[in-house]
2 protein chains.
Amino acid sequence: MSAQAQQSEEEWADIAPDAARRLVIAAVQAFAERGYHATTTRDIASRAGMSPAALYIHYKTKEELLYQISLVGHRLALDILERPALADGSPAERLADAVRSFVRWHAEHHTTARVVQYELDALSPEHRAEIVGMRRATDAAVRGIIEDGVRSGDFDVTDVPGTTLAVLSLCIDVARWFSTEGRRGPDEVGDSYAALALRMVGAAGA
Amino acid sequence: MSAQAQQSEEEWADIAPDAARRLVIAAVQAFAERGYHATTTRDIASRAGMSPAALYIHYKTKEELLYQISLVGHRLALDILERPALADGSPAERLADAVRSFVRWHAEHHTTARVVQYELDALSPEHRAEIVGMRRATDAAVRGIIEDGVRSGDFDVTDVPGTTLAVLSLCIDVARWFSTEGRRGPDEVGDSYAALALRMVGAAGA
DNA sequence: CGCGCGGGTGAGCGGTCGCTTAGGCTCGCG
DNA sequence: CGCGAGCCTAAGCGACCGCTCACCCGCGCG
């Protein structure tokens with residue numbers, strides 16, 4: 001099994017049965033490559049090694065596949081950001097931690113992240129509303145760290161919501177441009193972005 | 001005429017005849033709202049107030065409409081960035097200028113910018129290659145300013161290409177999240193982002 | 001006046017889409 | 001052994017897609 005395929009298997013390990021997992025993995029690849037609307041259910045099924053009809057045994061619609069991907073992805077993103085948000089340590093350490101791991105995830109899983117971050121509008125209104133709620137939580141996690149830093153005097157930020165948005169925006173956009181062919185790997189980009197984020201909040205000595 | 005419509009008219013003023021311009025404006029709105037693949041030629045034509053067949057009098061295919069939009073948009077983006085890149089003044093002034101006006105354009109014309117920045121993959125391979133070439137030029141413009149700043153000692157940057165990418169990435173992502181309903185207008189976001197960019201390059205006193 | 005031409009229409013073609021239906025195979029289990 | 005549950009397929013339905021065709025209208029001009 002290729003390293004890529006191995007990684008996909010781990011990422012979606014808790015989806016059963018096997019055929020449903022293969023469909024999700026196939027859908028992530030297809031959606032990331034061509035976008036949700038340009039992907040056909042026939043393409044997803046054939047990537048997963050089955051007939052077009054088999055997809056509908058495991059998922060009611062194509063949109064439900066996207067929802068599944070979006071839900072798991074956002075849950076993971078929220079986990080990644082809330083760990084440093086609730087941790088001990090200086091605001092600078094926690095912000096650096098949050099940005100580093102969030103960026104590393106966007107780089108390492110950039111196919112999944114691309115679907116999660118850029119295909120939101122293809123969700124049904126109900127599913128979309130649910131996901132938007134989770135995104136508010138990720139925003140609150142980062143904003144909390146920055147507020148702590150401002151309160152303690154470690155950060156110098158006048159517009160906290162605006163800076164929060166900018167930091168998150170910078171991280172999310174990694175999914176758009178990151179390529180495994182590029183000069184830097186996920187770890188390098190994560191470290192570099194953690195330093196950039198500290199500069200953006202005016203952390204002393206950054 | 002609404003302020004929005006007025007702005008669209010100005011943005012595409014040099015496209016003639018009138019019907020072709022109306023089609024471009026309709027296509028930009030439709031592509032931005034639903035994405036290229038989810039937009040039908042019938043929808044574009046009806047927004048422009050004509051029959052589905054009329055579209056093909058002015059454009060050979062739906063993709064040619066996207067190409068037209070992408071080409072004009074990228075030309076404008078390149079203009080905006082190259083003016084401060086080639087101007088006199090300190091690197092800090094020039095970088096702030098470039099980021100401020102680039103961000104302002106992405107906010108003010110966020111519907112156009114969304115199409116220009118996020119529908120690249122829907123272009124034909126030939127058209128895509130041409131646009132990618134223009135994007136390399138925009139990257140070079142910003143990199144030039146940062147290199148000048150590093151050389152003069154005004155900036156403190158170890159990874160110039162990486163930082164260039166991050167600054168551009170931050171600006172481009174404005175098109176994704178900016179909304180006219182939001183708290184800040186294009187000018188406020190532009191000023192705020194210019195300051196953030198100066199911090200990212202470690203400009204003295206930023 | 002008649003006539004060509006640029007810009008328009010209604011109808012529709014060939015193809016593909018998301019999804020359904022009818023049926024078949026392969027197990028574990030009483 | 002029989003038989004139901006779970007998983008899968010071949011075939012195809014109805015809708016809708018990008019795009020084309022045959023035809024029409026108003027206007028400038030010899």
Side-chain angles (χ1 to χ4, degrees), chain A residues 9 12 14-70 115 119-128, chain B residues 9 12-70 115 119 121-128:
Chain A
E9 282 293 336
W12 305 100
D14 51 348
I15 289 181
D18 183 69
R21 181 169 54 253
R22 266 158 46 217
L23 281 168
V24 169
I25 293 171
V28 166
Q29 290 175 331
F31 291 163
E33 273 175 31
R34 308 138 84 102
Y36 174 80
H37 288 294
T39 299
T40 70
T41 54
R42 284 164 175 82
D43 181 28
I44 297 170
S46 93
R47 282 179 197 244
M50 46 186 113
S51 76
L55 190 151
Y56 293 91
I57 295 166
H58 303 282
Y59 298 94
K60 282 207 294 285
T61 64
K62 178 172 112 170
E63 190 268 347
E64 198 179 280
L65 256 169
L66 176 62
Y67 172 61
Q68 194 65 226
I69 294 164
S70 206
V115 177
E119 301 288 351
L120 264 183
D121 289 340
L123 289 169
S124 75
E126 303 78 35
H127 289 160
R128 195 174 182 286
Chain B
E9 281 293 337
W12 305 100
D14 51 347
I15 290 181
D18 182 70
R21 179 169 55 253
R22 265 159 45 219
L23 282 167
V24 169
I25 293 170
V28 166
Q29 290 175 331
F31 291 164
E33 272 175 32
R34 308 139 83 101
Y36 174 81
H37 288 294
T39 299
T40 70
T41 55
R42 285 165 174 82
D43 182 28
I44 297 170
S46 91
R47 282 179 197 244
M50 48 186 108
S51 76
L55 191 151
Y56 293 90
I57 296 167
H58 302 284
Y59 298 94
K60 281 208 295 285
T61 63
K62 178 172 115 173
E63 190 269 346
E64 198 179 280
L65 255 169
L66 177 63
Y67 172 61
Q68 194 65 227
I69 293 164
S70 206
V115 177
E119 300 289 350
D121 289 341
L123 289 169
S124 74
E126 303 79 34
H127 289 161
R128 195 174 182 287

Between B:Tyr59 and B:Ala20, is there a donor-acceptor pair closer than 3.5 Å when you use the side chain of the first and the backbone of the second?
yes

Could you tell me the separation between the CD1 atom of A:Ile57 and the P atom of C:dA22, rounded to a whole number of Å?
15 Å

Considering all heavy atoms of both residues, which atom of A:Thr61 and which atom of A:Tyr56 are nearest to each other, and what is their separation?
CA-CE2, 4.2 Å

Contact letters for nucleotides 16-21 of chain D, in which S counts primed atoms plus P, OP1 and OP2 and B counts the base, heavy atoms under 4.0 Å
-SBBBB

Given side chains that start at C-beta, do those of B:Arg21 and B:Val24 come closer than 4.5 Å, heavy atoms only?
no

Output the rounded distance in Å from CZ (B:Arg21) to P (C:dG7).
13 Å

So does B:His58 get a side-chain nitrogen or oxygen closer than 4.0 Å to the phosphate oxygens (OP1/OP2) of C:dG8?
yes

Can you check the B:Met50 CE to D:dC25 C1' distance for me, whole Å?
16 Å

Quick check against the 3.5 Å criterion: does A:Arg128 have a side-chain atom that pairs as donor or acceptor with the backbone of A:Leu123?
no

Could you check if a side-chain atom of A:Arg34 sits within less than 4.5 angstrom of a side-chain atom of A:Asp43, using non-hydrogen atoms only?
yes

Does any N or O in the side chain of A:Glu119 come within less than 3.5 Å of the main-chain N or O of A:Leu66, such that one atom is a donor and the other an acceptor?
no

A:Tyr59 atom OH is separated from C:dT20 atom P, nearest whole Å, by 16 Å

